[in-house]
Amino acid sequence: MDKDPMDGYLPRAVEEKWQRIWDERGTNRFTEQELRDAPDPYYNLMMFPYPSAEGLHVGNIYAFTGADVHGRYQRLTGKDVFEPIGFDAFGIHSENFALKQGVNPMDLTPRNVANFTRQLRRIGGMFDWSHTVDTSDPAYYRWTQWIFVQLLGAGLAERKEAPVNWCPSCMTVLANEQVLGGLCERCDSPVEQRRIAQWFFKTTQYAQRLLDNLKIIDWSETTLRAQENWIGRSGGAILEFPVLTPARRGDLDRRDSPEPAASSDADKAGRDAGGDSASTDTPSISVFTTRPDTVFGATYMVLAPEHPLVPAITAPDRRSEVESYQAQAARMDLVTRQKTDKTKTGVFTGAFCENPATGEPIPVWIADYVLVEYGTGAIMAVPGHDQRDFEFARAFELPIPRVVAGPGTDAHAPLEEAYVGEGVLVNSGRFDGLPWREGARAIVEWLEGRGLAEPRVSYRLHDWCISRQRYWGPPIPVIYCGACGPVPVPEEDLPVVLPRVEDFKPDASGVSPLARVEEWYRTVCPQCGGQGRRETDVSDTFLDSSWYFLRYPSTDRNDVPMDPEITRRWLPVDSYIGGEEHAVLHLLYARFITMALHDLGHLDFEEPFSKFRKHGLIIREGAKMSKSKGNVIIPDPIIEEFGADAFRIYLMFLGPFAEGGDYRDEGIQGPFGFLHRFYDTVVSVVEAEDAGKLAASASQDPEVERKLHKTIRQVSEQLPKLQYNTAVAAMMEYLNAVRSGGRKASRGEVEPLVVLVAPVAPHLAEELWERLGHSESIFQGANWPSFDPAKAAEDTVKVAIQVNGKLRGTVEAPAGAGQEEIEVLARSQENVSRHLGAATVRRVVFVPNRLLNFVVK
RNA sequence: GCCGGGGUGGCGAAAUCGGUAGACGCAGGGGACUUAAAAUCCCCCGGGCUUCGGCCCUUGUGGGUUCAAAUCCCACCCCCGGCACCA
């Protein structure tokens with residue numbers, strides 16, 4: 001330590017200094033009044049982290065840095081940038097970790113939040129620490145519960161018994177979005193189906209709007225596609241197939257009896273069928289199909305094993321077989337059930353339906369390849385034109401007629417596999433000869449006239465199951481009363497505070513740990529004052545995060561969830577940057593909640609994020625970072641050694657931000673060296689000025705000046721498009737030009753670069769800005785430099801000379817030189833004239849300022 | 001199977017309104033400065049051939065269009081992401 005510390009760039013000292021100054025001056029803070037008055041608001045949002053015990057990982061830092069660079073750039077152009085951060089602290093993740101460590105999450109969470117806060121400050125994010133949220137704070141989840149109450153009041157929340165996804169390891173139900181390929185998205189256990197009464201939000205009511213609005217929001221294309229796939233709209237029709245077998249009257253009667261479990265089944269079947277067919281005297285089976293044109297080819301029907309009509313229509317001699325098949329299906333976990341390559345299984349129920357088109361009786365089967373939760377849970381099987389039905393028909397020797405003939409085939413062409421292509425209808429009575437699409441329309445119209453069909457759009461989107469049989473979440477604010485039923489907790493009684501419970505371990509019973517805390521759940525009915533019992537399930541973590549961005553600007557208000565005036569000024573969010581892994585989870589739920597709150601009059605916009613950009617994934621050694629692979633990067637030692645600024649630049653430089661990139665430990669040397677050289681360059685400018693060696697206007701260098709203007713242009717274009725890697729490259733290139741051959745830089749050459757670098761290396765930029773004599777923060781004004789297109793323009797250009805498309809030389813010429821001039825210069829080059837030789841030039845292609853191509857012989 | 005995105009030096013990547021492929025950086029090699037190291041600076045760095053002037057090959061594979069293709073078209077292979085017995 002015999003060196004003068006001011007001799008060189010010491011990232012740690014610089015960074016600590018500026019983080020302290022930002023804090024003291026409140027550089028990144030808004031007061032409530034400033035939020036109300038900001039003239040040019042820009043809401044820069046990033047996905048808030050869940051505060052794990054391991055601390056911030058590189059993926060978080062990558063995402064936050066990319067978003068922060070964007071925010072800082074916007075700020076340097078003069079916008080009032082609000083950049084909040086918070087903690088998604090509730091949820092099974094934290095709870096599981098707490099269980100493993102034998103710590104109460106109420107103790108663990110504050111520790112993790114404190115550690116995250118320290119790390120987030122250290123990476124130099126422009127966060128407004130006076131507007132954070134913590135979803136596990138009663139002051140926050142009071143309003144999460146308020147949202148539930150609003151939705152319940154609006155009929156958008158309902159409690160129903162339905163087949164739900166049960167994770168046997170997490171011991172809770174999961175939303176559909178949390179099941180990936182039949183596995184729990186959190187722990188990878190195979191998910192089972194259970195029937196439990198749960199609270200649902202009616203996302204399906206918004207399916208079409210959620211889909212339509214995708215056209216008007218500026219989001220990453222891949223994210224839009226993911227949502228579109230997830231909503232999964234398909235157009236078709238509901239067709240009715242009357243049941244022929246005078247099936248057991250007794251069974252039908254039993255179905256009609258008011259047994260609560262069964263009534264919710266009938267409810268679903270009735271709703272999906274568009275009529276209450278299950279309880280009429282002549283029941284019919286409703287099916288959804290996207291191919292009503294093939295109805296003449298429907299030779300059998302299949303119900304899902306769980307379909308509510310199964311017991312009613314099953315013939316007595318088939319009952320034991322049917323029931324054992326149902327039991328077998330019920331036992332199967334989702335992974336096994338969803339395998340598509342296994343051979344088709346199923347059993348005949350003994351019942352028959354009438355094909356409404358042909359009038360023929362067709363058998364009714366049950367099979368697990370039909371899913372209860374989609375469409376009506378029943379299908380008409382058209383083996384000739386659906387591959388699954390074809391396989392099933394082959395396995396059980398059912399007839400496979402052709403009803404669509406493609407080009408080059410006719411009505412009698414045998415089918416070796418299902419024909420799913422286009423064609424004209426055949427073997428379809430009076431519809432023969434119609435092209436399939438017209439046929440579909442005509443057939444639906446015809447059946448509709450007889451009350452047997454109805455056009456219908458179906459979505460694969462489900463209602464959102466928000467109940468969780470766990471501890472670490474906001475209690476669902478409902479009280480059950482023997483007399484009044486489920487009653488929402490009155491708004492003035494919110495929050496329903498989660499009690500501290502030492503034994504918070506979940507169990508397989510399907511009820512929450514809170515159900516063991518009698519003194520907590522025993523209460524009085526807010527309506528009649530009688531005895532009541534609290535709902536003991538908590539809500540899904542994704543509900544916490546579905547509205548946090550609405551809360552940030554209003555955290556100064558504890559009497560309302562959102563201050564209307566502030567919300568109007570700041571929302572919708574101007575820029576949201578986050579990971580693709582939330583494309584259909586968080587982002588869909590946030591859209592739904594925003595839309596619902598809009599409809600209830602709480603918001604005047606219905607899409608929360610005007611612009612969303614996904615960022616890529618950081619990989620290392622060709623693989624996703626994970627503890628099991630042992631290739632995770634611990635950020636703290638890197639920041640220790642190289643500084644946050646170098647780390648930030650490196651992360652932004654290693655690949656296109658939207659795509660991610662491969663992290664290499666040595667890679668940071670490049671940006672680190674760049675910052676060192678930049679620091680030295682600026683410091684020596686200041687020293688030279690102080691020593692009076694350099695006049696203010698010294699070292700006019702047209703080459704460097706041109707490069708400067710080109711660099712400003714490029715960086716200004718690329719930063720807003722998140723093309724950080726190439727913007728950083730341009731800055732490096734410019735610094736190389738400034739320093740090339742050991743030349744001395746001048747203030748005018750480096751001062752603009754200090755601003756260009758500021759979004760990626762904010763601490764160093766502040767330091768250099770101060771050394772250049774500025775007393776205010778560089779982020780305090782619209783300091784972004786402008787460029788002069790005239791000064792950025794080259795006055796000489798290199799023109800490529802080709803002969804027959806092959807490069808044979810280059811010539812240097814004034815910009816805009818004409819073809820003749822270039823041609824003369826080109827011919828004078830030995831290598832060019834040699835290749836031209838004696839051949840006749842048949843054509844000359846000239847692209848001004850770029851290329852001249854002689855086409856010979 | 002359907003819908004997206006991608007495949008370029010030893011490595012991360014640039015360049016896609018068709019116009020000098022490989023900017024910028026890492027790693028590597030050589031040199032300057034230094035007692036030494038670090039930092040800094042200069043040079044080389046896709047492959048092959050070379051008479052040192054250059055020449056040939058090269059953007060997953062095979063065709064095509066064009067004066068000219070990483071870029072456009074057709075066919076195929078591989079990788080990543082989304083959806084998927086969704087009727």
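Here is the naming used below: chain letters follow the sequence lines, and residue numbers restart at 1 for every chain. Every heavy atom of this structure was used, including side-chain atoms; hydrogens, water molecules and symmetry mates were not. Source: prediction; values computed, not measured.
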Protein-nucleotide distance ([X], atom [atom1]; [N], atom [atom2]), rounded to Å:
X	N	atom1	atom2	result
A/Tyr724	B/A14	OH	P	15 Å
A/Phe672	B/A39	CZ	P	9 Å
A/Asn229	B/G5	CG	C1'	13 Å
A/Glu733	B/G22	CD	P	13 Å
A/Leu224	B/C83	CG	C1'	15 Å
A/Phe657	B/G12	CZ	P	20 Å
A/Ile618	B/C80	CD1	C1'	16 Å
A/Phe846	B/G19	CZ	P	16 Å

Please pick, from [options], the nucleotide with the shortest atom-to-atom distance to any side-chain atom of [X].
X	options	answer
A/Pro656	B/U20, B/A13, B/C24	B/A13
A/Val845	B/A84, B/G19, B/U20	B/G19
A/Asn831	B/A87, B/G54, B/C57	B/G54
A/Glu666	B/G12, B/G19, B/A27	B/A27
A/Arg677	B/U40, B/A87, B/G19	B/U40
A/Thr726	B/C67, B/A14, B/G19	B/A14

Please state whether the phosphate of [N], meaning OP1 or OP2, lies under 4.0 angstrom from any side-chain nitrogen or oxygen of [X].
X	N	value
A/His835	B/G54	no
A/Arg808	B/C56	yes
A/Asn725	B/G12	no
A/Arg834	B/G53	no
A/Arg843	B/C67	yes

Using the [atom1] atom on both, measure [N] against [M] and round to a whole Å.
N	M	atom1	value
B/C56	B/U66	P	23 Å
B/U8	B/G82	P	22 Å
B/C45	B/A38	P	24 Å
B/G9	B/C57	C1'	14 Å
B/G12	B/C3	P	30 Å
B/G6	B/U50	P	41 Å
B/A70	B/U58	C1'	11 Å
B/U51	B/G62	P	31 Å

Let's test this: given Watson-Crick or G-U wobble pairing with both distances under 3.5 Å, identify the partner of [N].
N	answer
B/C72	B/G64
B/U59	none
B/G18	none

inquiry  = Before you tell me yes or no, could you show the steps for A/Glu687 and A/Val683 under side chain to side chain contact (heavy atoms under 4.5 Å, CB included), namely the whole-Å CA-CA distance, both residues' side-chain angles and the distance that decides it to 0.1 Å?
reply    = CA-CA 6 Å; A/Glu687 281 170 356; A/Val683 166; 3.5 Å; yes

inquiry  = What I want to check is whether an N or O donor and acceptor connect the side chain of A/Arg225 with the base of B/C3 at under 3.5 Å.
reply    =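 Per atom types, no contact qualifies.
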
Categorize [X] for me: base, sugar-phosphate, or nothing, with a 4.0 angstrom heavy-atom threshold over every strand shown.
X	answer
A/Asp389	nothing
A/Arg850	sugar-phosphate
A/Arg460	base
A/Leu371	base
A/Thr290	sugar-phosphate
A/Arg739	sugar-phosphate
A/Ser458	nothing
A/Lys806	sugar-phosphate
A/Glu221	nothing
A/Val382	nothing

Can you tell whether the side chains of [X] and [Y] come within less than 4.0 Å, N to carboxylate O?
X	Y	value
A/Arg827	A/Glu823	yes
A/Glu749	A/Lys744	no
A/Arg225	A/Glu228	yes
A/Arg613	A/Asp218	yes

query = Would you call B/G25 syn or anti, using the 90° rule around 0?
reply =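 Anti.
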
message = Checking understanding here: a glycosidic angle within 90° of 0 is syn, the rest anti, so what is B/G53?
response = syn

query = Any sub-3.5 Å donor-acceptor pair from A/Glu391's side-chain atoms to A/Thr343's backbone N or O?
reply =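 No, the answer is negative, given that no donor and acceptor are paired below the 3.5 Å cut-off.
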
ask   = Of A/Thr810 and A/His462, whose nearest nucleotide on RNA chain B comes first from the 5' end?
value =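 First, find each residue's nearest nucleotide; the 5'-ward one identifies A/Thr810.
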
ask   = When you match A/Glu659 and A/Gln802 each to their closest nucleotide on RNA chain B, which lands nearer the 5' end?
value =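 It is A/Glu659 whose nearest nucleotide is closer to the 5' end.
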
message = Between A/Phe396 and A/Trp365 (judged by ring centroids, cut-off 6.0 Å), do the two rings come close enough to count as a pair?
response = yes

inquiry  = Could you check whether A/Lys344 makes a cation-pi contact with A/Tyr369, meaning its NZ or CZ is under 6.0 Å from the centre of the six-membered ring and within 45° of the ring axis?
reply    = yes

key: The single option from A/Tyr663, A/Phe674, A/Phe642 passing ring-ring contact (aromatic ring centres under 6.0 Å, His included) against A/Tyr650   =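 In the set A/Tyr663, A/Phe674, A/Phe642, the residue that makes a ring-ring contact (aromatic ring centres under 6.0 Å, His included) with A/Tyr650 is A/Tyr663.
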
